[in-house]
Amino acid sequence: SLRGVPLPPALQAQGVWYEGTRARVGMTDGTVFALPSSVLLAGPVPGASVVGYAQVCQHQLALTPSGLYRLETQPNVSLATWSAVPLPSGFAGGDLSGGSLHTVRGDLYVFSRLGEALRLTLEPCAP
């Protein structure tokens, strides 16, 4: 069966993923909602638009033209926040617009617009 999920009309969906058994939708500004409840989980990525999302191990990640961000939760704080994940200096010339994220067996692969690839292993990663 199909059922519509109400999301803010001013935002555009960029990606959908699962965190365990819970579905998430990420918008182009980095705002994240739970599905199907539409509960707001995180605000926008600071000063950037998201070109891709990925979930690897216990990490929810967003790629922007200027870098990679990880969703961080804090005890007793209702909204998660985005924090920058350091990438090697010079990777993709610092321009990741048109890039993408892919996961393989607990590793994250960051691809630039021109196909340059970077493999990251994020800890912790439970089997």
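Residue L96 shares its hydrophobic cluster (ILVMFWY side chains chained together at separations under 4.5 Å) with V51, V56, L61, L63, L68, V85, L87, F91, L101, L108, V110, L118, L120, L122.
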* Stepwise side-chain contact (heavy atoms from CB on, under 4.5 Å) check, Q60 with V32 -> CA-CA 10 Å; Q60 285 76 69; V32 177; over 6 Å; no

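The closest donor-acceptor contact from the side chain of Q55 to the backbone of C57 lies under 3.5 Å. Not one N or O on the side chain of W82 forms a donor-acceptor pair closer than 3.5 Å with the backbone of T31. Between the side chain of W17 and the backbone N or O of Y53 there is no donor-acceptor pair closer than 3.5 Å.
Of the residues V39, L11, V5, the one that meets the side chain to side chain contact (heavy atoms under 4.5 Å, CB included) test with F33 is L11.
Rounded to the nearest 0.5 Å, atoms CD (Q58) and OG1 (T73) are 11.5 Å apart. Here the straight-line distance linking atom CZ of R22 with atom CG of L41 works out to 9.0 Å at 0.5 Å rounding. In this structure, CZ in R24 is found 8.0 Å from CG in L35, a value given to the nearest 0.5 Å.
Contact detail for P65 and S49: the closest heavy-atom pair is CD-O, 3.1 Å.
V16 and Y69 fall into different hydrophobic clusters, where Ile, Leu, Val, Met, Phe, Trp and Tyr residues are linked whenever their side-chain heavy atoms come under 4.5 Å apart, directly or through other members.
By the 6.0 Å contact criterion, CD on E72 is enclosed, its count of non-hydrogen atoms from other residues, nucleotides or ligands being greater than 12.
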